[in-house]
Amino acid sequence: MITRLVRTAPPRALLLLGLLLAVLLAAPLALDRYLTSVLILVFWFAYVGQAWNIMMGFAGLLSLGHALYVGLGAYVAATLFVKLGIGPWAGLWLSAFVSVAVGAAIGWLGFRFRIEGVYFSLLTIAFAEVARIGFDHIGWTGGAAGLFLPVSAEAGAWFNLRGGPLFFYYLALMMATAAFVLCAALRASRLGYRWLAVREDAEAARALGIDVFRARMAAVLISAGLTSLGGVFYAFYYNNLFPGQVFDISRSIEMILAPIVGGVGTLFGPVLGAFILTPLGEALIAITGALGLNAPGTKAVFYGVCLMAIVILAPNGLWPALKRRLGVPEGDV
Amino acid sequence: MSALLEVRGVAKRFRGLLAVDHVSLTVNDGEIFAVIGPNGAGKTTLFNLIAGVYAPEAGEIAFAGERIDGAAPDAICRRGLARTFQIVRPFPHLSVLDNAIVGALLHEHDVDKARAAAGDVLRRLELWDKRAQKAGSLTLPDRKRLEVARALATHPRLLLLDEVMAGLRPTETDRMVAVLKDLNRHENMTIVLIEHVMRAVMALANRIHVLHHGATIAEGPPEVVTRDPRVIESYLGQADHAVGALG
Ligand SMILES: Nc1ncnc2c1ncn2[C@@H]1O[C@H](COP(=O)(O)OP(=O)(O)OP(=O)(O)O)[C@@H](O)[C@H]1O
Ligand SMILES: [Mg+2]
């Protein structure tokens, strides 16, 4: 599978990818702690953006509640760790399982009862909101007051996802890279073709023998599972969880901006979008902080402006526009 | 010859309008069968019943000896009954080749092999040179060809073609006729076609079934059906189907 991908990928894209990876692997040597933390965020958003893109970009299903899977993944793994002493490498399986199960429920409701288009999106929001409110009231996991993980940065505790910035840097880079490769493989697979067909025209896909329900369900399950692993990372990186933060609709929106800005349905889009938006957002926070401005809505306004600019200037996202300049052939990445 | 498709007394109503009025027909294995009739006669609706888009309100449909009425369109396609859409439905943002690959992947699990098979189908329908184009950028005649190519790529036993010649120039029509004849002769493909272009119908069909207001008014070999007074009155008598043009 991977060898086929490498064989069929346009050489320029491979070159670009190799260069980027080499630079990022070496980058911590030259970066201070703050910049390292910004890049960790970039990788995280690239990762979850890639996961979301499987549903939207490949299968044409707009989820506006992906924070649900981040939150579930985070809470399940963190709770197992804090309350039962079960480490995250074991806990992530339950995290993924719970998210996949909830994704299956949403998919089943949506696709069996033909809740399509915007109504499906509303359904995803509804589930995320219910989870947010629910976790606010679950005393065992701390409720609205939050759940905290014991902080210990000593080396060697990688098996509990405990470590310093460098550890999380390489973990996040690995996750983003793996998600990229996985999405490339999925897109070039039989299932990938089915997704694209369903996205383009479900009725025509059906006439070609594609089980639309199954194709859509597969997209939801894979996307939910992957996103929940992003949630596990989130919990162990930040060491604190608040339902009002992880499950919030603003997080769902923040997660999908990178792929939208970069290019929905492309492989480089979520990566490019994360590299542009996250540093800009962080810079904005730094600047407003330095100026002593304390306007809580600044970031949201900024994202809104970015989105408007993209919709007007490059409606398919930045990567498709950039791709033409780089001479990468149409439709391949 | 054995029956491949049997339609027995199917009916479908749209808000009181009986679009298909208890129609029965039998298509034999290896035959080319045409369905003709004026606009709104219920031809496309009949296809939609066979292909599983609608379940018939009355009657039954059997394909290769098994009941398919009420089955989902994808399940019917997997059994070997492929259809094209009169109002073409390409996957607009995918390349022509990828459109055909989607069809070829129905029975072929290996993407490389499906790509090769899709290429063969595109060559057959003279779309190979346009394989890298986005399907949405094709001209209407090319989209019609792509409809056929995509359906063909699923390796069906029976192909339902809904007005694939409409909008084609006479020379293009002749080429499509040649392609279909070749498929029928050399690959034993059974074809049911809805067609207004009588030139093509006369060149291809072993038998013709005529619908009018949802009901059957005639069925038989071309030379018999085209002389049927009721067919001439309701359909062929119309200016654009002057019998003289049947050639
Ligand atoms: N989805 C629908 N809803 C309501 N009425 C419909 C629908 N589909 C078809 N009809 C009606 O059913 C009748 C038969 O339509 P149909 O499309 O089957 O005709 P046709 O023979 O294919 O015509 P044409 O030669 O114009 O393609 C028409 O009166 C049409 O208006
Ligand atoms: Mg019609």
Side-chain angles (χ1 to χ4, degrees), chain A residues 1-10 56-60 111-112 114 184-218 263-266 269 315-317 320 323-324 328-333, chain B residues 47-48 51-53 71-85 87-115 118 131-137 143 146-147 149-156 160 162:
Chain A
M1 193 73 228
I2 303 295
T3 50
R4 172 191 289 165
L5 276 178
V6 172
R7 183 159 47 76
T8 55
M56 180 67 217
F58 295 175
F111 311 143
R112 264 292 165 263
R114 296 186 191 263
L186 281 172
R187 201 182 140 163
S189 72
R190 190 171 185 235
L191 180 59
Y193 275 97
R194 296 191 160 165
W195 282 338
L196 296 183
V198 168
R199 176 193 79 188
E200 293 287 296
D201 187 333
E203 203 52 52
R206 217 170 254 129
L208 292 172
I210 295 173
D211 186 331
V212 174
F213 177 86
R214 272 176 63 173
R216 284 181 171 156
M217 200 57 137
V264 171
T266 68
N316 293 326
K323 188 162 77 163
R324 248 167 276 136
V328 177
E330 268 294 310
D332 281 308
V333 284
Chain B
F47 263 26
N48 282 335
V53 176
D74 50 301
I76 290 174
C77 179
R78 286 196 293 273
R79 288 179 181 217
L81 199 162
R83 62 89 54 93
T84 66
F85 291 95
I87 316 244
V88 294
R89 307 187 80 132
F91 302 129
H93 298 101
L94 304 191
S95 69
V96 169
L97 181 60
D98 283 348
N99 266 266
I101 290 175
V102 171
L105 280 170
L106 177 61
H107 297 298
E108 177 56 68
H109 291 245
D110 184 282
V111 176
D112 282 340
K113 285 188 189 146
R115 182 172 291 111
R131 64 189 176 280
Q133 273 185 40
K134 290 257 169 16
S137 72
R143 286 181 205 213
L146 182 58
E147 279 287 318
R150 218 171 45 174
L152 207 52
T154 66
H155 273 295
L160 300 179
D162 196 346

- Say whether, by atom type as modelled, one donor and one acceptor occur between the side chain of A:R190 and the main chain of B:L105 under 3.5 angstrom. yes
- Message: Could you check whether any side-chain N or O of A:R206 sits under 3.5 Å from a backbone N or O of B:D74, counting only pairs where one atom can act as donor and the other as acceptor?
- Response: no
- Task: Could you have a look at A:L208, A:L196, A:V212 and say which one has the most heavy-atom pairs with chain B under 4.5 angstrom?
- Result: A:L208
Smallest separation among heavy atoms of [X] and [Y], with atom names:
X: B:C77; Y: A:A207; result: SG-O, 3.2 Å
X: B:F91; Y: A:A204; result: CE2-CB, 3.7 Å
X: B:R89; Y: A:D201; result: NE-OD2, 2.8 Å
X: B:V53; Y: A:E203; result: CG2-OE2, 4.5 Å

- Any side-chain heavy-atom pair from B:D98 and A:E200 closer than 4.5 angstrom? no
Please state whether the side chain, the backbone, both or neither of [X] comes within less than 4.5 Å of a heavy atom of chain A.
X: B:F85; result: side chain
X: B:A151; result: backbone
X: B:T154; result: side chain
X: B:E108; result: backbone

- Ranked by heavy-atom pairs below 4.5 Å to chain A, first place among B:I76, B:L94, B:L81 goes to B:L94
